[in-house]
Each structure stands twice: as C-alpha cells, then as structure tokens.
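First comes the structure, then the notes that go with it.
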Amino acid sequence: MKCLLVEDDQALARELSQALRDGDWLVEHAENGQEADFLVRTETYDTLILDVGLPDGDGTRWLASWRDDGIDLPVLILTARERWADKAAGFTAGADDYVTKPFESAEVLFRLRALVRRSHGHSHPVLKVGELSLDTHTQHVALAGRPVGLTAQETRLLSYLMHAAPRVVSRSELSEHVYDRDHEPDSNVIDVQISRLRRKLGAWRFATLRGQGYRLLAEEPGVDE
C-alpha cells in the first residue's frame, strides 16, 4: 500500500516514514500543502497522513479543496491541536480519522490499516479469500491455516489483490499502488511475481483476464463445493 505523508517537521517525517516502511508501506513525503496538492492530483495513493499546521495554509483547507474536487482517498489528520473544535473542523473538511501529537507510531499504523480496509469494504483485520488469509497487522500469510513464506514485494502484491477481491485489478493499478513511483517495475516484473505467487499459493487462485488484469479467486473454477 502507498501512503502520502504531508508533514513539515522533518524529524517527525523521517521517524514516521521509517515506521511506515518498517510496516511494509510505500511512503512519499510532501513538506507543504502545495506540494501535496500536486501529488494527490497527479499520483495515486491508498491513504494520506495530513498535518494541520502546514507552512502554506491550514491542512484542513487543503483537504476541503480535495474533497470538493472529488479526491476521496482515506485521510488521517495528524496534529498537536487537542480542542474539540479543531477536531470537528478536520472531520467537517473530510478527514476519516484523527491522531493527536505526541503519538505512538504503532497507533498510526493501526489506524491507517483500518482506514484502507474500510475503504475496500473490509472490517476484520484478517483478510480472507477462500482458504487464503492475510493478517493486515502482521502481514503474515496463511493457506488453509498453514503459514506461507513470501517476500516483502510478494506480500504487498498479494495484499492489494486481497483488498480488491473479487474485483479485477489492472496492471497499471498494481504498478501505481504496489511499487514505488521512483522504481516502477519493468513490463514483466508483475508477471514474474504473479508467477511466484501462483507457485506458492496455487496457480488457479490468480486469474488473468486478457486486456483487463488479474483477479484473486476464492474457489477453483469447475470444482464443486
């Protein structure tokens, strides 16, 4: 999953970015509202962390403009303001959640994962597609209850497909959400990683729809329950 962090405090941005990367997130950082505004309008993210006290305007004003323009990615506000009026302003502008500084990085990660799950229609922290399961907190994958070892990139790819299931996911969508913007995959990288997932988890689970993309299946085609 890919997160845009909008924070002008460099030390805090470094600390939180590292915590996100350690949690297997892809992270891009914007120092002000103008930079964030450009990125949210030109790039694709799964969620956004927004500091309210930005040097070029209140974060809630930037957020309100994004919502007015139909930009609906989940947003977690991060701020030192504790008054209820400030929180109400954030939610009114379109925030999905709110964390007050100082905070534990682990709390931010838990809240982000919940926001992304809910945005895909999931409430439980363990995603399940047939006998395949993924714990969104630990990133542990299991097949029929047995742990399966995956690389970090394989896990990110599988996680996105499981969040999206049973929807078909295009190659371009996978590229935008699963890979770093500065290290976009070669044309066959996604195919290679899908092939590895098929070997480890069962080839039939990863259906390829020519000209459309990939779909994660819960049941093997042609097999009766």
Side-chain angles (χ1 to χ4, degrees), residues 1-81 86-122 125 136-137 156 159-160 163-164 169 172-184:
M1 296 293 175
K2 186 179 292 185
C3 175
L4 176 61
L5 171 61
V6 188
E7 171 62 65
D8 64 318
D9 184 323
Q10 293 297 316
L12 179 58
R14 285 193 298 270
E15 177 185 345
L16 191 51
S17 293
Q18 188 58 56
L20 287 164
R21 292 188 181 99
D22 290 344
D24 211 24
W25 285 78
L26 299 176
V27 187
E28 294 185 2
H29 175 224
E31 298 180 8
N32 53 61
Q34 186 173 2
E35 184 180 359
D37 186 62
F38 173 78
L39 289 173
V40 298
R41 296 179 188 278
T42 58
E43 300 296 331
T44 304
Y45 302 96
D46 295 289
T47 188
L48 184 150
I49 300 174
L50 178 64
D51 182 27
V52 170
L54 298 174
D56 56 351
D58 193 294
T60 58
R61 294 183 180 178
W62 289 105
L63 175 56
S65 72
W66 299 332
R67 294 308 196 213
D68 287 344
D69 291 339
I71 299 172
D72 61 356
L73 79 166
V75 173
L76 171 68
I77 281 185
L78 196 65
T79 180
R81 302 176 187 177
D86 294 318
K87 294 181 180 181
F91 286 120
T92 300
D96 298 281
D97 204 350
Y98 201 108
V99 173
T100 304
K101 303 174 184 176
F103 58 85
E104 293 290 337
S105 296
E107 179 184 359
V108 174
L109 289 173
F110 276 115
R111 290 179 180 273
L112 284 181
R113 290 171 184 138
L115 287 180
V116 171
R117 286 199 312 272
R118 290 198 293 269
S119 72
H120 286 274
H122 303 287
T136 58
H137 293 319
R156 281 194 289 268
S159 175
Y160 194 82
H163 275 88
V169 181
S172 61
E173 183 178 345
L174 285 173
S175 179
E176 291 170 347
H177 289 266
V178 178
Y179 299 91
D180 192 288
R181 178 162 53 99
D182 296 327
H183 300 87
E184 292 186 356

Report task. Report the C-alpha separation of Asp69 and Arg41 in whole Å, then their side-chain angles, then the decisive distance to 0.1 Å, and conclude whether the side chain to side chain contact (heavy atoms under 4.5 Å, CB included) test is met. Result -> CA-CA 10 Å; Asp69 291 339; Arg41 296 179 188 278; 2.9 Å; yes

Query - side chain to side chain contact (heavy atoms under 4.5 Å, CB included) assessment of Gln10 paired with Glu31 - result: CA-CA 8 Å; Gln10 293 297 316; Glu31 298 180 8; 3.1 Å; yes

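Residues Arg113 and Pro125 have side chains not in contact (no heavy-atom distance under 4.5 Å, counting atoms from C-beta outward). In this structure, Thr79 and Asp86 have side chains that are not in contact, with every pair of non-hydrogen atoms separated by 4.5 Å or more. Taking the side chain as every heavy atom from C-beta outward, Val99 and Leu78 approach each other to under 4.5 Å. Looking at Leu73 and Trp66, their side chains never come closer than 4.5 Å, going by heavy atoms from C-beta outward. Contact check for Thr100 versus Lys87: side-chain heavy atoms found under the 4.5 Å cut-off. The shortest distance between side-chain heavy atoms of Val169 and His177 does not fall below 4.5 Å. Arg156 has its side chain out of reach of Lys2: every pair of non-hydrogen atoms, C-beta onward, lies at least 4.5 Å apart.
With hydrogens and angles ignored, the 3.5 Å screen pairs a side-chain donor or acceptor of Asp96 with a backbone N or O of Val75. The backbone N or O of Gly90 lies less than 3.5 Å from no partner atom in the side chain of Thr60, so there is not a single donor-acceptor pair. Using modelled atom types, one side-chain atom of Arg67 and one backbone atom of Ile71 make a donor-acceptor pair closer than 3.5 Å. Looking only at distances, no side-chain donor or acceptor of Asp51 sits under 3.5 Å from a matching main-chain atom of Val6. Between the Ser119 side chain and the Val116 main chain, a donor and an acceptor come within less than 3.5 Å of each other. Using modelled atom types, one side-chain atom of Asp56 and one backbone atom of Gln34 make a donor-acceptor pair closer than 3.5 Å.
Arg117 contributes atom CZ, which lies 5.0 Å from atom NE2 of His137 (distance to the nearest 0.5 angstrom). Distance CZ/Arg21 to CG/Leu16: 10.0 Å, rounded to 0.5 Å. Atoms CE and CG, from Met1 and Leu112 in turn, are 11.5 Å apart once rounded to the nearest 0.5 Å. Going from atom CG of Asn32 over to atom CH2 of Trp62 covers 7.5 Å, rounded to the nearest 0.5 Å. Here CG of Leu12 is found 4.5 Å from CD of Glu7. Values are rounded to the nearest 0.5 Å. One distance of note links CZ of Phe91 with CG of Asp97; it measures 6.0 Å at 0.5 Å rounding.
Taking all atoms of both residues into account, the shortest heavy-atom contact from Thr47 to Pro74 is OG1-O, 3.0 Å. Taking both residues in full, the closest heavy atoms of Asp46 and Tyr160 are given as OD1-CE1, 3.5 Å, listed atom of the first, atom of the second, then distance. A pairwise comparison of heavy atoms in Ile77 and Ala95 identifies CD1-CB, 3.6 Å as the closest pair. Among all heavy-atom pairs drawn from Ala30 and Leu39, the shortest one is CB-CD1, 4.2 Å. Heavy atoms only, all atoms of each residue included: Leu5 and Ala13 are closest at CD2-O, 3.7 Å. Considering every non-hydrogen atom in both Ala19 and Ser105, the closest pair reads CB-CB, 3.7 Å.
More than 12 heavy-atom neighbours from other residues, nucleotides or ligands sit within 6.0 angstrom of CZ on Phe103. Other residues, nucleotides and ligands contribute more than 12 heavy atoms inside 6.0 Å of the CD atom of Glu107.
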